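Just so you know, these numbers use all the heavy atoms, side chains as well, and skip hydrogens, waters and symmetry mates. From a predicted model like this one, the values you see are computed outputs, not experimental measurements.
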Amino acid sequence: MPALSPSGSPNTDILKHFASCPLCPRRCQVNRLAGETGYCGQTARLRAARAALHMWEEPCISGSTGSGTVFFSGCNLGCVYCQNRDIALGQSGREITPGRLTEIFLELQQKGAANINLVTPTHFIPLIVHALEQARISGLSLPVVYNCGGYESVDALQMLEGLVDIYLPDLKYASGELSTEFSHAADYFEKAKLALDEMYRQVGRPVFDTPSVPPSAPPNVPLPSQLSGQPSAAHAASVYPSDTPLLRRGMIVRHLVLPGQVGDSKKILHYLRDTYRDNIYVSVMQQYTPLPQVAHIPGLNRRVTEAEYQRVVDFCLRLGMENVYIQEGDTARESFIPPFDFTGL
């Protein structure tokens, strides 16, 4: 592949990261430049499945116009219950150049996106860094969201410093047994803690585009008397009005409650509260959906009950957590999965 050129091709310094891949904690060390693949299933060529405005994020991310979301193919975590399984396994995706990715960022900005949202980007970090740098030169001014599973390498995250404004990681498990069984990553919690520390170091406390909101009532937080669900795109404008404060900088940590795992959820929330206090936001999700691939796995082949989810929410309140997003109603029965039909690529 050529050195940096007017067409936006990455140079050899960028590509060297793929020669013996160290980009996630699995450190597969495969030569992706030569077409080898490790756990993520991807070579050194960018692949994505969709690039479009997306309304299914937290209110301060989606806003009223939608988040400019790019779904990348492949995943370094590969959870057995993944809702985006087709793209996580790399079964859905189209090859694009870094130059085309730069164009996509600018096109999403032109469409009115609230931000640029990179979904499962870990294994393509060097190419994304190049595309973002080129997009900034060409006029990209939107905040950039890094949306990941939390299983990240600190060294790789440091490549993103100054380019990512909002980190949106999962913190899936405290238990090594669960992370081994469901994501084949015994060291998940230890690696995720280090990754979250690095993310917070880079972006710090949340900054919104409405600084007049008093600290005692942070913007966009569903308080106990104002539980907030996620809208459909058709109702987004009315649910998230045009004056919805948007997050410009900061971190939101997502935690998906799994069936039968209230105790592990409590450990996660206790850790986040003790470590970050009210300097981050936490999104507690009840949208776990048992897809066909988990029908044979005891414990995962059912939905989270209303009582289970409420126990987790009540625990947040007992901890005194204020900056929390909470889902309500039948979110587990709604579709959060867009069509991966190569839209926008």
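- Minimum interatomic distance between Leu345 and Ala51 (heavy atoms only, all atoms of both residues): CD2-CB, 4.0 Å.
- The shortest side-chain heavy-atom distance between Pro25 and Glu190 does not fall under the 4.5 Å cut-off.
- Residues meeting the ring pair (Phe, Tyr, Trp, His ring centres under 6.0 Å) test with Tyr271, sequence neighbours left out: Phe189.
- Residue Gln109 holds its CD atom at 4.0 Å from CG of Leu142, rounded to the nearest 0.5 Å.
- Counting heavy atoms from C-beta on, the side chains of Gln134 and Phe105 never come closer than 4.5 Å.
- Two different hydrophobic clusters hold Val207 and Leu168 under the rule that ILVMFWY side chains link at heavy-atom gaps under 4.5 Å.
- Under a hydrophobic-cluster definition in which Ile, Leu, Val, Met, Phe, Trp and Tyr are linked whenever side-chain heavy atoms come within less than 4.5 Å, directly or via other members, Ile297 and Leu77 are assigned to the same cluster.
- In this structure, the side chains of Val119 and Val70 stay at 4.5 Å or more apart for every pair of heavy atoms.
- Between His123 and Phe72, the distance from one ring center to the other does not fall under 6.0 angstrom.
- A salt bridge links Arg45 to Glu95: at least one charged side-chain nitrogen sits closer than 4.0 Å to a carboxylate oxygen.
- Side-chain contact annotation: Ser153 with Asp155, donor-acceptor N/O pair under 3.5 Å absent.
- Asp264 places a side-chain N or O within 3.5 Å of a backbone atom of Ala174 that can act as its donor or acceptor partner.
- If you take CG on Leu246 and CD1 on Ile61, they are separated by 8.0 Å, rounding to the nearest 0.5 Å.
- For Arg26 and Tyr39, the positive end sits near the middle of the six-membered ring, less than 6.0 Å away and at most 45° from its axis.
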| said: Applying side chain to side chain contact (heavy atoms under 4.5 Å, CB included) to Gln110 and Leu106, what does each step give before you reach the verdict? | reply: CA-CA 6 Å; Gln110 191 170 28; Leu106 296 170; over 6 Å; no
| task | Apply the test side chain to side chain contact (heavy atoms under 4.5 Å, CB included) to residues Gln286 and Val257: give CA-CA distance (whole Å), side-chain angles for both, the deciding distance (0.1 Å), then the verdict. | result | CA-CA 6 Å; Gln286 69 159 343; Val257 180; 5.7 Å; no
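- Nearest heavy atom pair, residue His17 against residue Pro126, reads CB-CG, 3.7 Å.
- Look at Glu107 and Arg100 and you find a salt bridge, because one of the NZ, NE, NH1 or NH2 atoms lies within 4.0 Å of a carboxylate O, short of that distance.
- Placement of Ile326 and Leu258 within a single hydrophobic cluster is found when ILVMFWY residues are connected by side-chain heavy-atom separations under 4.5 Å, directly or transitively.
- The backbone N or O of Asn117 lies less than 3.5 Å from no partner atom in the side chain of Thr69, so there is not a single donor-acceptor pair.
- With hydrogens and angles disregarded, no donor-acceptor distance shorter than 3.5 Å links the side chain of Arg254 to the backbone of Val284.
- In this structure, Phe315 has no ring pair (Phe, Tyr, Trp, His ring centres under 6.0 Å) partners at least two apart in sequence or on a different chain.
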| request: Please lay out, stage by stage, how Leu23 and Arg32 fare under the test side chain to side chain contact (heavy atoms under 4.5 Å, CB included). | output: CA-CA 11 Å; Leu23 291 176; Arg32 292 169 62 187; 3.7 Å; yes
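- Atoms CD1 and CZ, from Ile280 and Arg273 in turn, are 10.5 Å apart once rounded to the nearest 0.5 Å.
- For the pair Cys148/Thr120, no side-chain contact is recorded, criterion being any heavy-atom separation below 4.5 Å from C-beta on.
- Looking at residues two or more places apart in sequence or on another chain, you find a side-chain hydrogen bond (donor to acceptor under 3.5 Å, both in side chains) between Thr122 and Tyr146, Glu152.
- Between the side chains of Tyr276 and Asp197, at least one donor N or O sits under 3.5 Å from an acceptor N or O.
- In this structure a side-chain-to-backbone donor-acceptor pair under 3.5 Å is present from Ser175 to Glu177.
- Between the CG atom of Leu256 and the OG atom of Ser283 there is a distance of 10.0 Å, given to the nearest 0.5 Å.
- More than 12 heavy atoms of other shown residues, nucleotides or ligands fall within 6.0 angstrom of atom CD in Gln158.
- Hydrophobic clustering, with ILVMFWY side chains joined whenever heavy atoms are under 4.5 angstrom apart, keeps Phe71 apart from Leu53.
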| request: Take Tyr167 and Asn147 through the side-chain hydrogen bond (donor to acceptor under 3.5 Å, both in side chains) test and state the conclusion after the steps. | output: CA-CA 6 Å; Tyr167 279 104; Asn147 187 337; over 6 Å; no
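- Checked for salt-bridge contact, Asp165 and Arg248 miss the test: no charged N lies under 4.0 Å from a carboxylate O.
- Between the side chain of Thr275 and the backbone N or O of Leu272, no donor-acceptor pair lies under 3.5 Å.
- Taking SG of Cys316 as the start and CD of Glu322 as the end, the distance is 12.0 Å to the nearest 0.5 Å.
- His255 and Ser265 share a donor-acceptor pair across their side chains, judged by distance under 3.5 Å alone.
- You'll find the side chain of Leu118 reaches within 4.5 Å of the side chain of Val144, heavy atoms only.
- Under the 30°/60° scheme for interplanar angles, the aromatic rings of Tyr281 and Tyr325 are found to be tilted.
- A continuous path of ILVMFWY side-chain contacts below 4.5 Å connects Val80 to Leu178, so both sit in one hydrophobic cluster.
- Using a 3.5 Å distance cut-off with no hydrogens or angles, the side chains of Glu198 and Gln202 do pair a donor with an acceptor.
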| message | Pair Ile128, Leu101 - check side chain to side chain contact (heavy atoms under 4.5 Å, CB included), show working. | response | CA-CA 8 Å; Ile128 291 171; Leu101 184 59; 4.1 Å; yes
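- When only modelled atom types and interatomic distance are considered, Ser67 and Glu57 share no side-chain donor-acceptor pair under 3.5 Å.
- Ring geometry for Tyr173 versus Tyr81: interplanar angle over 60°, hence perpendicular rather than tilted (30 to 60°).
- Under 4.0 Å is where a charged nitrogen must lie from a carboxylate oxygen, and between Arg136 and Glu133 no such pair does.
- For Asn31, there are no side-chain hydrogen bond (donor to acceptor under 3.5 Å, both in side chains) partners at least two apart in sequence or on another chain.
- The closest donor-acceptor contact from the side chain of Ser179 to the backbone of Ala185 lies under 3.5 Å.
- The main-chain N or O of Cys60 is never found under 3.5 Å from a side-chain atom of Ser62 such that the two would form a donor-acceptor pair.
- Glu308 pairs in a salt bridge (charged side-chain N to carboxylate O under 4.0 Å, His left out) with only one of the listed residues (Lys266, Arg303, Arg302), which is Arg302.
- Taking the side chain as every heavy atom from C-beta outward, Val30 and Thr37 never approach each other to under 4.5 Å.
- Within the 4.5 Å cutoff, no side-chain heavy atoms of Ile125 are placed close to those of Leu127.
- With a 4.5 Å cut-off between side-chain heavy atoms of Ile, Leu, Val, Met, Phe, Trp and Tyr, the cluster of Leu194 takes in Val154.
- No side-chain heavy atom of Ile116 sits under 4.5 Å from any side-chain heavy atom of Val145.
- Atom CG of Leu15 is separated from atom NE2 of His130 by 9.0 Å, given to the nearest 0.5 angstrom.
- Considering only residues two or more places apart in sequence or on other chains, Tyr309 meets the ring pair (Phe, Tyr, Trp, His ring centres under 6.0 Å) condition with none of them.
- Of all heavy-atom pairs between Ala131 and Thr102, the closest is O-OG1, 3.0 Å.
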